[in-house]
Amino acid sequence: MKGIIFIRSLLFLTCISLILALCACQTSDAGHTHSYITIEAVNPTCLSSGRRTYQCADCEYFFKETIPARGHNPDSTGKCTECGHQLVKLSDKLPITISYTWGTNPDNIYTRVNITAVSFSSKPYGSTLIVTLNGKKTYDYKGDVGTTAARVLVVIKDSKGSVVGSKELYDMHLVVGQAFQKSAEFNVSPDETYTIELRDHSV
């Protein structure tokens with residue numbers, strides 16, 4: 001009988017030792033520092049999130065990490081450099097002259113801006129589109145030294161032609177001949193295709 005009790009006690013102690021050994025990495029009292037290796041890796045795409053699984057090389061402890069989708073990274077033409085998706089395009093052929101007018105009479109012109117280039121970029125994860133206009137002021141009703149505000153209305157439409165946002169870009173300090181460079185930011189969805197329109201602005 002004593003022999004059986006001894007064997008049971010020995011088995012119990014052995015099991016406890018094995019459990020403690022397996023958990024040693026996970027307890028701060030053991031003084032163990034995890035040494036992680038990657039056992040699974042799925043890279044994110046423009047539209048889909050990725051994931052990585054890490055496991056300690058010395059024990060069974062592991063954890064998983066979700067990597068957000070990258071979102072599109074448009075080049076200056078609006079095409080994604082990663083997947084080729086045309087995220088945004090310009091509706092107008094450049095150069096285009098934009099007028100800032102008073103009232104409903106198009107001849108009541110305060111200023112004109114000649115837009116010669118439009119480029120696109122994005123913030124990290126691609127949810128914010130940045131539209132940058134480049135050109136110069138070509139007319140001021142106060143003359144060449146006038147500093148009446150040069151204004152351009154930027155409108156963004158989705159693939160159905162619905163307006164999803166607009167921003168007024170302006171510079172209060174330009175004289176005729178000076179460069180006009182302004183940017184507008186819009187929230188976008190990576191699975192859409194957008195069109196940018198540049199419009200006259202009136203008050």
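Here the structure is a predicted model, which is why all the values come from computation and not from measurement.
- At least one donor-acceptor pair closer than 3.5 Å links the side chain of T81 to the backbone N or O of N73.
- Side-chain atoms of V175 and T147, non-hydrogen and from C-beta on, do get closer than 4.5 Å to each other.
- Y54 pairs in a side-chain hydrogen bond (donor to acceptor under 3.5 Å, both in side chains) with only one of the listed residues (E65, E40, H34), which is E65.
- Scanning for salt bridge (charged side-chain N to carboxylate O under 4.0 Å, His left out) contacts around E168 gives R151, with sequence neighbours left out.
- The shortest distance between side-chain heavy atoms of C80 and L87 does not fall below 4.5 Å.
- P44 approaches A69 most closely through the heavy-atom pair CB-CA, 4.2 Å.
- Here the closest non-hydrogen pair linking A150 and K137 is CB-CD, 4.4 Å.
- Rounded to the nearest 0.5 Å, atoms OG (S122) and CD (E185) are 10.5 Å apart.
- Heavy atoms only, all atoms of each residue included: C46 and P190 are closest at O-CB, 4.4 Å.
- Taking hydrophobic clusters as Ile, Leu, Val, Met, Phe, Trp and Tyr residues chained together by side-chain heavy-atom distances below 4.5 Å, I130 does not share a cluster with I196.
- Counting only residues at least two apart or in different chains, ring pair (Phe, Tyr, Trp, His ring centres under 6.0 Å) contacts with residues 133-167 comprise Y110-Y141.
- A search for salt bridge (charged side-chain N to carboxylate O under 4.0 Å, His left out) contacts involving K157 returns E197, not counting sequence neighbours.
- Side-chain heavy atoms closer than 4.5 Å link hydrophobic residues (I, L, V, M, F, W, Y) into clusters, and following such links, possibly through other members, connects L129 to V164.
- The environment of NZ in K136 is sparse: at most 12 heavy-atom neighbours from other residues, nucleotides or ligands sit within 6.0 Å.
- With hydrogens and angles ignored, the 3.5 Å screen pairs a side-chain donor or acceptor of T193 with a backbone N or O of Q86.
- In this structure, the separation between CG on D171 and OG1 on T148 is 12.0 Å, given to the nearest 0.5 Å.
- Here the shortest heavy-atom pairing between A184 and L169 reads CB-CD2, 3.8 Å.
- Partners of F180 under the ring pair (Phe, Tyr, Trp, His ring centres under 6.0 Å) rule, at least two apart in sequence or in another chain, do not exist in this structure.
- There is a side-chain donor-acceptor pair under 3.5 Å between N43 and R52.
- Atoms CG and NZ, from N134 and K182 in turn, are 11.5 Å apart once rounded to the nearest 0.5 Å.
- Side-chain contact between V154 and L198 is present, with heavy atoms from C-beta onward closer than 4.5 Å.
- The aromatic rings of F63 and Y36 stand perpendicular to each other, their planes meeting at an angle above 60°, with 30° marking the opposite boundary.
- The backbone N or O of V176 sits nowhere less than 3.5 Å from a side-chain atom of D140 that would complete a donor-acceptor pair.
- Hydrophobic clustering keeps L153 apart from I156 (ILVMFWY residues linked when any side-chain heavy atoms are closer than 4.5 Å, directly or through intermediates).
- Screening residues 65-92 for ring pair (Phe, Tyr, Trp, His ring centres under 6.0 Å), with sequence neighbours left out, gives H72-H85.
- To the nearest 0.5 Å, atom CD of residue Q55 and atom CG of residue D58 are 10.5 Å apart.
- The structure places CG of L174 at 11.0 Å from CD of Q181, a figure rounded to the nearest 0.5 Å.
- Hydrophobic clustering (ILVMFWY, side-chain heavy atoms < 4.5 Å, transitive): I98 and Y100 are in distinct clusters.
- Both F120 and L94 are assigned to one and the same hydrophobic cluster, defined by single-linkage of ILVMFWY side chains at heavy-atom distances under 4.5 Å.
- Here OG1 of T53 is found 11.5 Å from CD1 of I37. Values are rounded to the nearest 0.5 Å.
- Clustering of Ile, Leu, Val, Met, Phe, Trp and Tyr side chains at separations under 4.5 Å places M172 together with Y170.
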